[in-house]
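Everything below concerns the one structure shown next.
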Number of protein chains: 4
Amino acid sequence: MTKAEKMELFHRDNIADTAERLFSINGIEKTSMDQIAKEADYSKSTIYVYFKNKEEIVLYLVLKGMTEIKNGISEIIDSKDKSDEDKYYQICQVLVSLYDKSPFIFSHMMETIEMKKEERLKVPLLDDIYQVGEDINEKIAEFLKTGETNNNFKLDDKAEKLSFIYWMMLSGVIMFGNKKSQYIECQFKQNKEDFLNQVFAMMLGIIKK
Amino acid sequence: MTKAEKMELFHRDNIADTAERLFSINGIEKTSMDQIAKEADYSKSTIYVYFKNKEEIVLYLVLKGMTEIKNGISEIIDSKDKSDEDKYYQICQVLVSLYDKSPFIFSHMMETIEMKKEERLKVPLLDDIYQVGEDINEKIAEFLKTGETNNNFKLDDKAEKLSFIYWMMLSGVIMFGNKKSQYIECQFKQNKEDFLNQVFAMMLGIIKK
Amino acid sequence: MTKAEKMELFHRDNIADTAERLFSINGIEKTSMDQIAKEADYSKSTIYVYFKNKEEIVLYLVLKGMTEIKNGISEIIDSKDKSDEDKYYQICQVLVSLYDKSPFIFSHMMETIEMKKEERLKVPLLDDIYQVGEDINEKIAEFLKTGETNNNFKLDDKAEKLSFIYWMMLSGVIMFGNKKSQYIECQFKQNKEDFLNQVFAMMLGIIKK
Amino acid sequence: MTKAEKMELFHRDNIADTAERLFSINGIEKTSMDQIAKEADYSKSTIYVYFKNKEEIVLYLVLKGMTEIKNGISEIIDSKDKSDEDKYYQICQVLVSLYDKSPFIFSHMMETIEMKKEERLKVPLLDDIYQVGEDINEKIAEFLKTGETNNNFKLDDKAEKLSFIYWMMLSGVIMFGNKKSQYIECQFKQNKEDFLNQVFAMMLGIIKK
DNA sequence: CATGAATGAGGATTCATTCAT
DNA sequence: AATGAATGAATCCTCATTCAT
C-alpha cells in the first residue's frame, strides 16, 4: 500500500465514519451531503473526490459492516473452545451489535439483491457486498453442518438454505425487535435484549436436537 | 351512509388506490403528490381536499391493509371446519397476499410505534392503526390459546407474547423473502411461495406439539 | 328594510364578525377563507354569496370600524357637558378601543388612498370608506374650530389640515404603541395605557392655549 | 477582508439590493424568491446560498437601513456647526430619505419587538437590529439632553423616553404622510415634503423652549 | 338560496451534483 | 489534491375563487 493509497483510505474512512454516525441518528434520506461534509470537516466537493455519490458512501459502509459481521462470526465459528449453542448465541450478538451501531445497514441488507453479476459490477462495491453476503452464508452453513456432525443440530434441508433462512429470520427479528422496543417494554415488561434472546432461543429450537 | 359520504369515500379510495399502486412500485418517498394526482386524474389540489397530506394517504392505506388482515385472519380463525394447522398456514397466506398487493405497508408495520396514546391521537388514523394492530395480536393470541386447548400447540410463554413474536417473524420473513425472491430462485431452485411455506412450516415447529 | 334585506344583513354581519375576530388574532393574510367559513359555520361558497372576495370582507369591516369611530367621536364632540380637553382624551380613547378590537383596521387606515372617485367606485365600499374618513376629518375639524372659538385651542393652520395631522399622529402612535407595548413596559416601567395617555397629552400641547 | 469575503458581500448586496427594489414596489409578501432570483440574475438556489431564507433578506435590509439611519443621525448630532433646530430637521430628513428608498423597512420597524434576548439570538440578525435600534434611541436621547443643556429644549420626561416617543411619532408620521401623499396634495394643495416639514415643526414645538 | 366540488397558480425550501480553478 | 461557487430539478403544500346544481 503506497502512501497515497493510505491517505485515500484515511480520508474515505474519515468521511464514511461521519456518515455512519449521521445515518444512524437521522437515517440515510434525512442526512444531507452538506451535513456529512460539515461534520467531517471537508468541503462538500471533497466528499465527491472520495465517493462518487451518496449511495457509494452507503455501500461502502454496508460492505464494511458486513465484513465486520463476516469476521466476527468467522472468529466465533472457528474458535475451538465453545459449544455450538454458545456459538449460536454469539453469532446473534454480533448482529445485535451491528444493529446498535449502524441500524441503516440492516435496512440495506433487507433490500433486493441484483442477481446478474454484470449488473452488479456496474455499481462500485455492489458485487463485493454480494460476495461477502455469500461468504457469511457459507460460513454459517459450515457452522450448521459442523453442528450436525457434532450431533447438536438436526438439519431438515441443505445447510446453505437453512443458513439463509436463519439469516433472514435473525435480521428481521433484530430489526423488528429494535423498532418495537418501546412496545415490547410496555406490553411485556421485558427489555429488548431479554426479549430478543428469548426469540433467538425459540429459533434455535428449530434445529436443536 | 349518505350519497355525499359515498362520493367522498369513492374519491378517497380512487386516490388511495392509485397511491397504493405507485407506492408499491416506487416506494413512498419516491412517489410525489404530483404523480398521484396525475395518475389518479385529479388536480393536485383536489388530492388535498380528500387527504390532509401525503402521510394521511399512507396511513389510510396502512389502516385499510391492516384491517383487511384483521378481517382475513379473524374469518379463518373463527371458521369451524379447519384444523389448527390449516388455519396457521392460511393466516400466513393472508400476510403473503397483502405483501403482494401492498409491500410498503409492511415497511410501515415494521416502523417504530408511538406508545403515548395522546401523541397518537394528534395524527389522524394513527391510533386506529394501533388499535387494529392490537386486535390482530389478540386474535392470533386467541388462536394460539385455542390451539393449546385443542392439544395441538404447546406454548412456552403467554399467548399474547408468542402472538407478537410470530407476527414479527412472519412479517420479517415475508418481507425478506419477497425482496430476495430472485436470490432464492437462483440459489435454491425454488420459487418464493414454496420457500416461504417451508419457512412457515419450520416456524410452526416451534409451537407444534 | 325588507325581510330579505334583513336576512342578508344578518348573514353579512355574521360572517364579518367572525372574520374580524380571526383577522385580529392572526392577521388578514394568515386568515384563510376556509377558516372564516368554518368558524362562521357557513360553506365556503356561501361566503362568496355575501362578499365578492376576501378584500370586500376587509373593506366591510373597515367601513364598519370607521363608522363606529365617526359615531363615537361625533357623540363625544356633540355632547354639551364636557370640556374640550376631556373631549380630546375621549376621542383618543375611541381610537384606542378600536385598535384593541380590530387592530387590522389601523393597518388599512394607514394604506394609500385612491383619490380618483371613479376608481374608488370600481371597488365596492371603497368610496364609502373614503366618505366616512372625510366625515371624521370634518368632525374633528369642527371640534378644533369650536375649541378655538372657546379660546381653548390655538390653531396655526386650517382646522381641516390640523385635523388630518392629528388623525395621522394618533393612528401612528396608537399602532406603534401597541406593537411596542412590551418594549415600553420593559424599558420605561409603564403600561401601554399610561404611556399612550402621556403621548396624547404631549400632542395636545401643540394646540392647547 | 479576504477576496472571498468581498465576493460574498458583493453577491449578498447584489441580491439584497434587488430584493429591496422589489420589496419597495410590491411589498415583501408579494415578492417571491423566484422574482428576486430572476431579477438579480441568479438561480433560485443560489439565493439560498447567500441567504438562509426570505426573512433573512428582509432582516439584512432592515439592519442595513437602520444602520444607515444610525450613522446618518450620529453624524448630524455630532457635527459642531449646526444649531439644535437644524439638527432636528436634518434627522427628520434622514428618516424621510430612508422611507423614499425602502418604505418596507418602516413597516418592519413598526412591528412587534422580541424582548427576550435569547429568543432574538435564535434568528440571525434580529439581535443586531435590536441593538442598532437601541443605539439610535440613545443617540437621539443624547441629542435631546444636549439640547436641554444648551437651553434650546425643555424635556418633561427622561430623554430616553422622549427619544422613543419622537421616534414613534416620526416613523408613524412619515409612513402615513407618504401613503397619503396624494390625499395631502389634493386636499391641502401642498406637496408631501412641505407638509411633513410642517408636521415636524409642530412636533418640535413640543420640546422647544 | 346555499353549497359541494374542483382547481390553477403559485411559493418557499431542499439537495445531490458538477465544474472550473 | 481540494474546493468554492452555482444550480437544476424536485417536492410538499396553500388558498382564493369559480361553477354547476
Side-chain angles (χ1 to χ4, degrees), chain A residues 4 7-8 10-11 15 28-37 41-57, chain B residues 2-5 7-8 10-11 15 28-37 40-57, chain C residues 4 7-8 11 15 28-37 41-58, chain D residues 2-5 7-8 10-11 15 28-37 40-57:
Chain A
M7 285 301 288
E8 165 126 8
F10 171 77
H11 289 308
I15 294 164
I28 295 172
E29 308 257 344
K30 297 207 168 166
T31 301
S32 73
M33 293 297 266
D34 280 85
Q35 265 176 77
I36 297 172
D41 202 31
Y42 288 81
S43 118
K44 208 190 335 181
S45 334
T46 308
I47 307 291
Y48 282 90
V49 171
Y50 292 101
F51 293 94
K52 206 184 131 209
N53 51 34
K54 196 176 173 180
E55 197 196 353
E56 201 178 291
I57 305 184
Chain B
T2 70
K3 194 194 157 191
E5 282 170 342
M7 285 304 287
E8 164 125 10
F10 171 77
H11 289 306
I15 293 164
I28 296 172
E29 307 255 344
K30 298 212 166 164
T31 302
S32 73
M33 293 298 267
D34 282 82
Q35 263 176 77
I36 297 171
D41 202 30
Y42 289 81
S43 124
K44 209 191 332 183
S45 349
T46 307
I47 305 292
Y48 282 92
V49 172
Y50 292 101
F51 292 96
K52 210 181 127 209
N53 49 35
K54 195 176 171 180
E55 195 194 357
E56 201 177 288
I57 304 184
Chain C
M7 286 299 289
E8 165 125 8
H11 289 309
I15 294 165
I28 296 172
E29 307 257 346
K30 296 208 168 165
T31 302
S32 73
M33 293 297 265
D34 280 85
Q35 265 176 76
I36 297 172
D41 202 30
Y42 287 82
S43 118
K44 208 190 335 181
S45 336
T46 308
I47 306 291
Y48 281 91
V49 172
Y50 292 101
F51 293 95
K52 207 185 130 208
N53 51 33
K54 197 178 173 180
E55 197 197 352
E56 201 178 291
I57 305 184
V58 176
Chain D
T2 69
K3 193 191 157 191
E5 282 169 343
M7 286 303 288
E8 165 124 8
F10 171 78
H11 289 307
I15 293 164
I28 295 172
E29 308 255 344
K30 298 212 167 164
T31 301
S32 74
M33 293 298 266
D34 282 82
Q35 265 176 74
I36 297 172
D41 202 32
Y42 289 80
S43 124
K44 207 188 338 179
S45 350
T46 307
I47 305 292
Y48 282 91
V49 171
Y50 292 100
F51 292 95
K52 209 182 130 210
N53 50 34
K54 196 177 171 178
E55 195 194 357
E56 201 177 288
I57 304 185

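Just so we're on the same page: letters track the sequence lines, and every chain starts at 1.
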Holding to side-chain hydrogen bond (donor to acceptor under 3.5 Å, both in side chains), I want the full list of residues that pass it with D:Tyr48, two or more places apart in sequence or in another chain. none

Which residue lies more 5' along DNA chain E, comparing D:Ile28 with A:Asn53 via nearest heavy atoms: D:Ile28

Return the minimal non-hydrogen interatomic distance between A:Ile47 and A:Met33, and the atom names on each side. CG2-CE, 3.8 Å

Hits for side-chain contact (heavy atoms from CB on, under 4.5 Å) against B:Glu5, two or more places apart or cross-chain, chain-then-number order -> B:Met1, B:Thr2

Determine which bases of DNA chain F form Watson-Crick or G-U wobble pairs with both distances under 3.5 Å, and write the result as a 5' to 3' dot-bracket string with | for other-strand partners. .||||||||||||||||||||

Side chain of B:Ala4 only, heavy atoms from C-beta on: which candidate in F:dC12, E:dA5, E:dA16 is closest? E:dA5

In whole angstrom, what separates C:Met33's CE from F:dC15's C1'? 10 Å

Nearest-Å distance for atom pair CD1/P, residues D:Ile47 and E:dC15: 18 Å

Pairing residues for C:Tyr50 by the side-chain hydrogen bond (donor to acceptor under 3.5 Å, both in side chains) criterion, not counting sequence neighbours: none

Please report the distance, rounded to the nearest Å, between CD in B:Glu29 and P in E:dT14. 16 Å

Please give, in whole Å, the distance from E:dG10 P to D:Asp34 CG? 10 Å

Nearest-Å distance for atom pair CD1/P, residues B:Ile57 and F:dT11: 14 Å

What's the CD1-C1' distance between A:Ile15 and F:dA1, to the nearest Å? 12 Å

Taking side-chain contact (heavy atoms from CB on, under 4.5 Å) as the test, write out the residues that go with A:Ser45, two or more places apart. A:Ser43

Go nucleotide by nucleotide along DNA chain F from the 5' end; which of D:Ser43 and B:Glu55 gets its closest nucleotide reached first? D:Ser43

Short N/O separations, protein against nucleotides 18-21 of chain E, under 3.5 angstrom:
none

Would you mind classifying the nucleic acid contact of A:Phe51 as base, sugar-phosphate or nothing, using non-hydrogen atoms under 4.0 angstrom? nothing

Send over the distance from A:Lys30 NZ to F:dT11 C1', rounded to a whole Å. 14 Å

Need one value for B:Ser32: base, sugar-phosphate or nothing, where a base atom within 4.0 Å counts as base even if backbone is also close, heavy atoms only. sugar-phosphate

Please give, in whole Å, the distance from E:dA12 P to D:Ile36 CD1? 8 Å

side-chain contact (heavy atoms from CB on, under 4.5 Å) involving A:Phe51 - partner list, sequence neighbours excluded: A:Arg12, A:Ile15, A:Ala16, A:Glu56, A:Ile57, A:Tyr60

Could you pull out all residues at least two apart from B:Lys44 that satisfy side-chain hydrogen bond (donor to acceptor under 3.5 Å, both in side chains)? B:Asp34

For DNA chain E, whose closest nucleotide is more 5', that of C:Val49 or that of D:Gln35? C:Val49

Using OP1 and OP2 only, check whether a side-chain N or O of C:His11 sits under 4.0 Å from E:dC1. no

To check you understand the geometry: which heavy-atom pair defines the closest contact between B:Glu29 and B:Lys54, and what is its length? O-NZ, 3.7 Å

Any D:Tyr50 side-chain nitrogen or oxygen under 4.0 Å from OP1 or OP2 of F:dA5: no

